[in-house]
Structures are given as C-alpha cells and as structure tokens.
Undergrad: 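Below you will find the structure I want to go over with you.
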Amino acid sequence: MHITMVGTGYVGLVSGACFADFGHQVTCVDKNVDKIAALRRGEIPIYEPDLDRLVESNARAGRLAFTTDLAEPVAKSDAVFIAVGTPSRRGDGHADLSYVYAAAREIATSLQGFTVVITKSTVPVGTGDEVERLIREANPSADVAVASNPEFLREGAAIRDFKHPDRIVVGVNEPRAKKALTEIYRPLYLNQAPIMFTGRRTAELIKYAANAFLATKITFINEIADLAEKVGADVQEIARGIGLDNRIGTKFLHAGPGFGGSCFPKDTRALIKTAQDFEAPVRVVEAVIAVNETRKRAMARKVAAAFGGSLRGKTIALLGLTFKPNTDDMREAPAIPLVTALQDLGASVKAYDPAGMEQARGELSDVTYCDGPYACAEGADALVIVTEWEQFRALDLPRLKREMACPVIVDLRNVYRSEEVIAEGFRYESIGRSSQNGHGI
Ligand code: UGA
C-alpha cells in the first residue's frame with residue numbers, strides 16, 4: 001500500500017520506518033527543511049535504538065522516502081497518517097490541535113481516489129470529527145474516510161513496541177477504512193497481535209485513558225513508597241506482592257522521582273481539561289498530576305535530609321538527566337525541578353547523562369557537565385541516581401567512594417541493594433526502602 005506519514009517526530013518517524021519495513025511504500029513528510037535534508041542523508045534527529053538501521057535499510061530498498069512536499073505523495077496514497085505534535089496549549093493545558101488541523105486542510109486539497117486519513121497523533125475526543133469536517137469543507141468532492149489509530153509506543157523501546165504491540169486500536173466509522181487498516185497492519189495480524197476495531201471517539205479516548213491509567217499506577221506506587229519508608233517496609237517487595245495478582249500486574253510499579261516525558265504530563269493535563277469541558281471530571285487524574293508535580297521537588301529535600309536539611313556549600317552529583325533511559329529527551333524530566341530545588345537549597349550541581357546533556361544545556365543553568373560517572377562523582381558530597389541508565393547499574397563503588405568528598409548515595413530509581421552499598425561504607429538512601437529495613441528471610 002502507498003502510505004504518507006505527515007510529521008517526522010517520534011511517532012511519525014518510527015511508524016513510517018516500521019510500515020516501510022512491513023513492505024509498504026511510505027513517504028514521510030515534514031515542513032522542516034533541515035530535518036528532511038538530514039533524514040535523506042540518513043541522519044536521525046532523535047535518539048532511538050536501532051532506528052538509524054531501520055531507516056537506512058528501508059530507504060535503500062526504495063520503500064521509504066522523505067520530502068517537504070505533501071501534495072505529491074498524498075495524491076497517490078491509499079492512507080495518510082497525521083502524526084504531527086499536539087503540545088499542551090499555553091495557559092490552559094488543552095492539547096494544541098493547530099498542527100493537526102493545518103495538516104488536515106493541506107491533505108484535503110491533494111486527495112485523489114479513495115483515501116483513508118488517520119490521526120496517529122494523540123488527540124482529544126472529537127478531533128476526528130473536526131478533521132473530517134475540515135477535509136470535506138476544503139474539498140467537498142473528496143472520497144475520504146477519517147479514522148483514529150492511536151500509538152502506544154514508548155521512547156527507547158519504540159521499534160519493539162511498534163512491531164510487537166500488546167494491541168492495535170483502530171477507530172473507524174466506515175467499512176472501507178476498516179478494510180484499509182486491516183491491510184496496513186496485516187503483518188502484525190499474522191503475528192497474532194490483537195487488532196481492536198471500535199468507534200472513532202472510543203479509540204481517541206482509549207489513548208488518554210491508557211496513559212492516565214499508567215500515570216496513576218506510577219503515582220500510586222510512589223505514594224505507597226513514601227509510606228513504606230516511614231513505616232519501615234520495602235516498596236519493591238510491596239510492588240511484587242501486589243503485582244503478582246493478575247488483576248494488578250507487575251509492570252509500571254517502579255517507584256521513582258515521578259513520571260516525566262513528552263506524553264504522560266501533557267496527556268493527563270489534556271484529559272482533565274476534556275473531562276471538565278464535558279462536566280465529567282476525572283478527579284483521580286487531577287490528584288495524580290498534583291502529586292507528581294510536588295514529588296519532583298520533594299526529591300531535593302530527600303537529598304538535603306542526608307545533610308540535616310541544608311545543602312549550602314555542598315556539591316551534588318547527578319547521574320542521569322533524561323526522563324528515562326535510552327532517550328535524549330529532557331521534556332518534563334524530573335531532573336529539571338530537582339536541579340532548581342537543589343540549587344535553591346544552596347547546592348552546586350554537577351551532572352552526567354549518556355545521551356541527554358546537549359538537550360539538558362537548554363533546560364538547566366549553572367550545572368557543571370562531566371564526561372562520565374566517576375568524573376561526576378569527583379569531589380561530590382552526594383551522588384544522586386536520577387535516571388536508571390544501564391551503565392549506572394554496576395558502578396565501581398570503591399572507586400566512587402575514593403572520588404567523592406563524602407560517601408552518600410541517593411538512589412531515586414532503586415538500582416542498588418541497600419546492603420551492598422552500605423557494606424562499601426556509603427550512607428545510602430533510596431525510594432520506599434528505609435535503610436534499616438532488612439529483607440525477609
Ligand atoms: C508513554 C507510554 O508508556 C506509551 O505507551 C505511550 O505510547 C507514550 O507514553 C505516548 O503517549 O506517546 P513514554 O513517555 O515513552 O511512553 O515512557 P514510559 O516508559 O511510559 O515512562 C514515562 C515516565 O514514567 C518516565 O519518567 C518513567 O521513568 C516513569 N515510570 C515508568 C516510573 O516512574 N515507574 C514505572 O514503573 C514506569
């Protein structure tokens with residue numbers, strides 16, 4: 001099938017490359033001339049494991065092309081995906097749909113023959129209706145069906161998530177669209193990935209409900225972690241103890257410094273706005289946002305607690321800055337409020353991140369960036385593990401201790417076992433595991 005992917009952000013680029021890998025003929029379109037030129041040279045604008053290889057091999061095979069001109073590929077496409085950004089609108093938290101609507105208008109005038117236009121961007125309920133209205137207004141004779149196909153991939157595991165999804169959700173209001181999307185996803189269908197067809201509005205809401213639920217799960221375990229710390233219990237064992245109940249499940253129960261990223265914060269905010277507009281408020285999600293916001297700065301107080309509450313004159317070393325490992329993405333990273341809170345408490349901050357330091361420079365001021373974990377630890381009064389990159393999981397603890405001015409580790413991702421760090425002579429603080437608390441025997 002001929003597919004046009006409008007937008008070459010995370011979702012657009014990964015989906016475009018994967019559809020090409022399935023054997024479809026894909027053209028990715030973006031208004032950003034420099035980005036398209038770079039992609040044509042095989043340069044990938046985002047950090048995503050294996051994406052370079054996938055783009056290169058499919059481009060070489062002639063199945064994947066990049067252009068700034070939308071009209072030509074749209075005219076010959078059976079399906080046009082809209083995968084442009086839907087950032088939080090300044091001021092009110094609603095999703096900003098201006099890029100989606102602009103894309104819809106532009107697509108409309110180039111359509112030829114029957115085409116399915118599909119929103120892959122995360123869009124509030126009713127956006128598909130508006131996309132359809134705009135297309136019909138701009139081109140009344142267009143033979144078009146508008147569908148919704150939300151994407152559930154995670155940054156850092158995007159290709160795996162796309163090719164081995166738990167499910168594919170497709171919202172369609174007519175059989176021809178269902179047929180086209182069945183054809184597009186046929187390779188996954190053969191892999192037995194469940195494909196769920198539903199109404200367009202339902203599909204749109206599934207995406208927000210899924211992200212809000214996951215954000216709620218994380219926030220729930222984070223609050224239980226705080227309680228566990230106070231009462232001398234261990235949150236990791238609690239997560240396992242509740243997660244082994246199939247109704248709960250073990251995933252997304254890792255306590256930490258709070259969720260960040262380009263999706264959960266933005267999508268939970270947009271969901272509460274939609275819910276308020278429809279007078280069906282989602283109070284649980286409202287609480288999740290509030291708890292998560294407070295948590296990020298509270299992590300700085302946790303560091304300060306190791307020094308009696310003040311960090312004046314102290315040097316704090318942060319390992320990891322991105323909102324999670326295997327990405328260079330700093331959007332809404334817990335590290336950002338953490339750094340400002342540490343500085344407000346009087347600390348100097350050093351940091352090292354395997355991929356995020358370039359982006360971090362734009363977000364953070366007065367931070368000394370280091371070449372590696374040991375250079376970062378040099379002269380520090382405390383080492384804080386903020387993001388659980390693989391390379392921080394087996395640090396040479398005696399070497400760290402030699403580098404540091406004061407042997408204190410605050411592990412916000414529970415990467416280490418208390419006993420082993422304490423045995424090396426460190427003071428060790430983690431999340432939801434009081435340092436005195438022994439494991440069961
Ligand atoms: C999330 C969803 O997981 C994807 O399914 C969805 O497609 C995507 O948003 C999106 O809407 O585009 P992503 O933001 O890439 O994916 O990252 P996650 O792996 O979900 O992590 C989000 C945040 O939650 C990170 O800050 C992570 O550290 C935190 N987290 C996650 C925890 O603190 N604990 C956990 O147990 C899991």
Side-chain angles (χ1 to χ4, degrees), residues 7 9-15 46-49 83-88 95 119-124 149-162 164-169 204-225 235-236 238-240 242-243 248-271 288-289 291-293 295-296 299 320-338 356 385-389 392 411-415 430-432:
Y10 245 103
V11 170
L13 191 54
V14 172
S15 311
I46 50 174
Y47 179 96
E48 182 64 38
V84 296
T86 53
S88 270
T119 44
K120 216 176 213 331
S121 308
T122 299
V123 292
N149 172 219
E151 187 45 64
F152 300 100
L153 55 82
R154 289 163 302 165
E155 290 185 19
I159 294 166
R160 208 208 142 273
D161 283 353
F162 194 92
H164 302 277
D166 287 348
R167 79 306 200 185
I168 299 149
V169 172
E204 289 168 341
L205 195 51
I206 285 173
K207 169 71 192 191
Y208 281 97
N211 273 2
F213 191 84
L214 292 169
T216 304
K217 214 174 167 189
I218 297 166
T219 306
F220 176 81
I221 201 68
N222 283 342
E223 287 203 310
I224 294 293
V235 73
Q236 283 181 308
I238 296 170
R240 186 170 147 76
I242 62 173
I248 297 174
T250 48
K251 292 183 181 161
F252 275 65
L253 284 180
H254 301 290
F259 62 78
S262 61
C263 303
F264 287 170
K266 159 176 90 68
D267 294 349
T268 45
R269 282 197 293 267
L271 177 63
V288 164
I289 294 175
V291 170
N292 194 60
E293 277 314 303
R295 183 169 192 81
K296 297 181 189 173
M299 293 298 109
L321 293 169
T322 50
F323 79 100
K324 66 176 205 175
N326 294 324
T327 177
D328 60 354
D329 201 334
M330 283 295 296
R331 282 177 286 179
E332 309 237 10
I336 300 170
L338 172 64
I385 300 174
V386 186
T387 315
E388 70 282 29
W389 283 90
F392 303 151
D411 180 358
L412 301 182
R413 298 288 184 170
N414 290 349
V415 169
S430 57
I431 299 284

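The chain is numbered in sequence order, starting from 1. Excluded from the calculations below are hydrogen atoms, water molecules and symmetry mates; all remaining heavy atoms, backbone and side chain alike, are included. Whatever order the structure lists ligands and atoms in, that order sets their numbers, starting from 1.
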Undergrad: So do the side chains of Leu271 and Asn211 get within less than 4.5 Å of each other, counting heavy atoms only?
TA: no
Undergrad: Exactly one of Ile224, Ile248, Ile238 should register a side-chain contact (heavy atoms from CB on, under 4.5 Å) with Leu253. Which one does?
TA: Ile248
Undergrad: Counting non-hydrogen protein atoms only, what is the nearest one to atom 1 (C) of ligand 1? Give residue, atom name and distance.
TA: Phe264 CE2, 3.5 Å
Undergrad: Just heavy atoms, cut-off under 4.0 Å: does Tyr10 contact ligand 1 by side chain, backbone, both, or neither?
TA: neither
Undergrad: Using a strict cut-off of 4.0 Å, indicate which atoms of ligand 1 neighbour a heavy atom of Asp267.
TA: 11 (O)
Undergrad: Using a 4.0 Å cut-off to any heavy atom of Asn211, which atoms of ligand 1 qualify?
TA: 2 (C), 6 (C), 9 (O), 10 (C), 11 (O)
Undergrad: Report, in ascending order of atom number, the atoms of ligand 1 lying under 4.0 Å from any heavy atom of Arg413.
TA: 28 (O), 33 (O)
Undergrad: Is a donor on one side and an acceptor on the other found under 3.5 Å between the side chain of Thr86 and the backbone of Val123?
TA: no
Undergrad: I want to check something: taking the side chain as every heavy atom from C-beta on, are Glu388 and His254 in contact at a cut-off of under 4.5 Å?
TA: no
Undergrad: Among Lys324, Glu155, Arg154, which one puts a heavy atom closest to atom 17 (O) of ligand 1?
TA: Lys324
Undergrad: Only heavy atoms count here, so choose which of Thr122, Asp161, Ile218 is nearest to atom 31 (C) of ligand 1.
TA: Ile218
Undergrad: What residue and heavy atom of the protein are closest to atom 5 (O) of ligand 1, and at what distance?
TA: Phe152 O, 2.6 Å
Undergrad: What is the closest protein heavy atom to atom 10 (C) of ligand 1, and at what distance does it sit?
TA: Cys263 SG, 2.8 Å
Undergrad: Does any N/O atom on Leu153 come nearer than 3.5 Å to any N/O atom on ligand 1?
TA: yes
Undergrad: Looking only at atom types and distance, does a side-chain atom of Lys207 sit under 3.5 Å from a main-chain N or O of Asp267, one as donor and one as acceptor?
TA: no
Undergrad: For Val11 and ligand 1, does the shortest N/O to N/O distance drop below 3.5 Å?
TA: no
Undergrad: Considering non-hydrogen atoms of the protein only, which is the closest contact for atom 36 (O) of ligand 1, and what is the distance?
TA: His254 N, 2.9 Å
Undergrad: What is the distance from atom CZ of Phe259 to atom CG of Asn222, rounded to the nearest 0.5 Å?
TA: 9.0 Å
Undergrad: For atom 14 (O) of ligand 1, what is the nearest protein heavy atom, given as residue, atom name and distance?
TA: Phe323 CE1, 3.7 Å
Undergrad: Phe264 versus Glu332: any side-chain heavy-atom pair under 4.5 Å?
TA: no
Undergrad: Are any of the N/O atoms on Lys207, whether in the backbone or the side chain, positioned under 3.5 angstrom from an N/O atom of ligand 1?
TA: yes
